[in-house]
Amino acid sequence: MICTLCPRRCGVDRSVRTGFCGLGKDMLIARIAPHLWEEPPVSGSRGTGAVFFSGCTLRCAYCQNGEISHRNQGRPFTPRGLADSLKRLEDLGMQSISLITATPFVPAILDALSLYRPSLPLVWNSSGYESLETLRMLNGIIDVYLPDLKHYSSRMGALCAGAPDYFAVASRAIPEMCRQTGSPVYDENGIMLRGTLVRHLILPSLTGESMKLLTWVKDTLPPGTPVSLMRQYLPCNDVHIPGLRRPVSEAEYRRVRDHMLALDLPGFLQESASVSADFIPLFNQPESFI
Ligand code: SF4
C-alpha cells in the first residue's frame, strides 16, 4: 500500500518501509478499554469504549502519550480482532465508541467496521491534521468528529510538530467534518449522536494563539459548533521547547476562557482538577485490553 493517508503524503509502501509515522503494514493498538474522561457528550456516565491506536501523524513534541505516539508501542490487530473488541465494548454498555488517532489505519478500520458496526455513536478522535481525501473515506461512517485544533501560526506548527502547514490543513479538515456530520444532535442523556466537537488545549506562553483559534472557530464554523477548552497541559515527553516546560497558569487559563465566553461559543470548560498525570491511561499493558 502506497501511503498518502495523512497530509505528510509520504508515498511509501508500508509493507516494505515506513514513513513519517514509523508505522508498517500491521494495525497497532495500545489500549482498548472503557474511558470516562472524555467530554460529557462522548463519555456520558458509563464511558466511551476507547481504542487508542499506536503511532501518530503529528507527533507533537509535548505529547502526553509519547510512548504510543512517538514510540509506537502497541499490539498488532487484524480487522477481525478489532471488530471483536468493538463488540465487547458495546456489550459492556459503553455510550459511544472512540477511535483515537486512527488515521494511519483507515483501510483496516473500514474492514473491521464492515465485519461489525456497533450500534453506538462512532467517534473519530483526531489531531485535526487530516487530508480531505481520507476524511471522505469516512463520510457516512463516522457519527461524531472530535478534532483538536492546536496551532495557529506556521512557526508553532513547525516548532511543535514539524508541520508548518498544521493550521492550513486543519482549517480545511474541520469544516469538512462539520459538513459531514451536520449540526450537533444529542440523545435524552446528552450523548452526542452526530456532530463535531472541537477541542483546544491551551499551551503555556501561547494564549495569543489560543485566542486566534477561538476567533477562527467563531468566524468560520457553523453556529452552535461546541468547543472544549482544555487546560490539562503538563510538560511531557521531555519537551525542550522554551515556554512549554511548565503547566498553564491560572491567569493564562482565565484569559483564554474569558475570550471564549466573550465570543459566546458553546461548549465545555475543563476543571483545574484535571491537571494531573493520573488521567493519562496505561498503554500496552495486560490490563490495557478488555
Ligand atoms: S500515515 Fe504515516 S506513512 Fe502514511 S502519509 Fe501519514 S505519516 Fe506518511
Side-chain angles (χ1 to χ4, degrees), residues 29-54 56 58 60 63-65 68-69 82 85-86 88-90 92-103 109 118-130 138 141-150 170 174 177-178 181 184-202 217 225-234 236 248 253 257 260 265-283 287-290:
I29 297 177
R31 182 178 172 87
I32 302 178
H35 191 61
L36 288 164
W37 305 318
E38 304 289 23
E39 285 75 5
V42 172
S43 284
S45 57
R46 298 196 303 274
T48 185
V51 182
F52 288 85
F53 291 86
S54 309
C56 182
L58 205 53
C60 297
C63 181
Q64 68 176 19
N65 299 336
I68 60 170
S69 61
L82 175 58
S85 296
L86 297 179
R88 280 200 293 280
L89 287 169
E90 184 176 40
L92 282 172
M94 299 292 96
Q95 290 180 291
S96 61
I97 297 287
S98 291
L99 305 175
I100 301 172
T101 323
T103 307
I109 291 166
S119 303
L120 293 170
L122 199 54
V123 180
W124 191 258
N125 180 324
S126 154
S127 67
Y129 194 59
E130 303 277 15
L138 303 171
I141 293 170
I142 296 301
D143 301 304
V144 174
Y145 283 103
L146 191 59
D148 282 324
L149 182 56
K150 290 171 176 284
I174 296 175
M177 296 174 189
C178 293
T181 63
V185 176
Y186 301 89
D187 73 6
E188 65 280 8
N189 298 312
I191 299 296
M192 189 180 266
L193 302 176
R194 287 188 66 78
T196 298
L197 197 170
V198 178
R199 285 172 150 177
H200 175 64
L201 174 67
I202 306 168
V217 168
T225 302
V227 173
S228 172
L229 188 64
M230 303 187 295
R231 61 185 303 181
Q232 73 204 41
Y233 177 83
L234 286 173
C236 287
V248 172
Y253 169 67
R257 178 203 62 190
M260 178 168 157
L265 287 171
F268 305 89
L269 301 170
Q270 203 172 40
E271 303 295 328
S272 60
S274 61
V275 188
S276 165
D278 294 345
F279 289 95
I280 301 174
L282 268 182
F283 295 114
E287 61 269 41
S288 305
F289 297 89
I290 54 158

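Residue numbers start at 1 and run along the sequence shown. These numbers come from the heavy atoms of this one structure, side chains and all, not from hydrogens, waters or symmetry mates.
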Q. Which pair of heavy atoms, one from S126 and one from M177, lies closest together, and at what distance?
A. OG-CE, 4.3 Å
(Q) Quick check: do D148 and M230 have side-chain heavy atoms less than 4.5 Å from each other? (A) yes
Q.
Quick check: closest heavy atoms across S85 and I290, and the distance to 0.1 Å?
A. O-CD1, 3.8 Å
Q | Min side-chain heavy-atom separation P118-L89 under 4.5 Å | A | no
**Q.** Criterion side chain to side chain contact (heavy atoms under 4.5 Å, CB included) against V51, the qualifying member of T101, I100, L86
**A.** L86
Q | Heavy-atom side-chain contact between I29 and F289 under 4.5 Å | A | yes
Q: Taking the side chain as every heavy atom from C-beta outward, state whether D143 and L193 have any atom pair closer than 4.5 Å.
A: no
Q) If you measure from CD1 on I68 to CZ on F52, what distance do you get to the nearest 0.5 Å? A) 6.5 Å
Q. What pair of heavy atoms forms the shortest contact from L282 to S288, and how long is it?
A. O-OG, 3.0 Å
**Q.** Validation row: N125, R199 side chains within 4.5 angstrom (heavy atoms)
**A.** yes
Q) Can you list the steps and then say if Y233 with I202 is a side-chain contact (heavy atoms from CB on, under 4.5 Å)? A) CA-CA 7 Å; Y233 177 83; I202 306 168; over 6 Å; no
Q. Between E38 and V123, is a side-chain contact (heavy atoms from CB on, under 4.5 Å) present by the stated rule, with each step listed?
A. CA-CA 11 Å; E38 304 289 23; V123 180; over 6 Å; no
Q: Enter the distance from L99:CG to L138:CG here, rounded to the nearest 0.5 Å.
A: 9.0 Å
Q) What distance do M94 atom CE and R88 atom CZ have between them, rounded to the nearest 0.5 Å? A) 13.0 Å
Q) Going by heavy atoms in the side chains, are S96 and V144 under 4.5 Å from each other? A) no
Q. Got a second to check how far S119's OG is from E90's CD, nearest 0.5 Å?
A. 5.0 Å
Q: Write down the atom of C60, the atom of K150, and the distance for their closest heavy-atom approach.
A: SG-NZ, 3.8 Å
Q. Is the backbone of Y253 close enough, under 3.5 Å, to the side chain of R231 for a donor and an acceptor to pair up by distance?
A. no
Q) Is there a side-chain contact (heavy atoms from CB on, under 4.5 Å) between T103 and F53 once you walk through the steps? A) CA-CA 9 Å; T103 307; F53 291 86; over 6 Å; no
Q. Is any side-chain heavy atom of S98 less than 4.5 Å from a side-chain heavy atom of L146?
A. no
Q. Minimum heavy-atom separation for S127 to L58, with atom names?
A. CB-CD2, 3.7 Å
Q. Backbone N or O of I191 within a donor-acceptor pair of the N189 side chain at under 3.5 Å?
A. no
Q: Report the C-alpha separation of L234 and Q64 in whole Å, then their side-chain angles, then the decisive distance to 0.1 Å, and conclude whether the side-chain contact (heavy atoms from CB on, under 4.5 Å) test is met.
A: CA-CA 7 Å; L234 286 173; Q64 68 176 19; 5.6 Å; no
Q: Output yes when a side-chain donor or acceptor of H200 lies under 3.5 Å from a complementary backbone atom of L149, and no otherwise.
A: yes
Q) Do M260 and L269 come within less than 4.5 Å of each other through their side chains, counting heavy atoms only? A) yes
Q. Short question: side chain of N65, backbone of S69 - any donor-acceptor pair under 3.5 Å?
A. no
**Q.** Atom pair CG/CZ of L197 and F268 - distance to nearest 0.5 Å
**A.** 5.5 Å
Q. Looking at T181 and R194, what are the two nearest heavy atoms and their distance?
A. O-NE, 3.3 Å
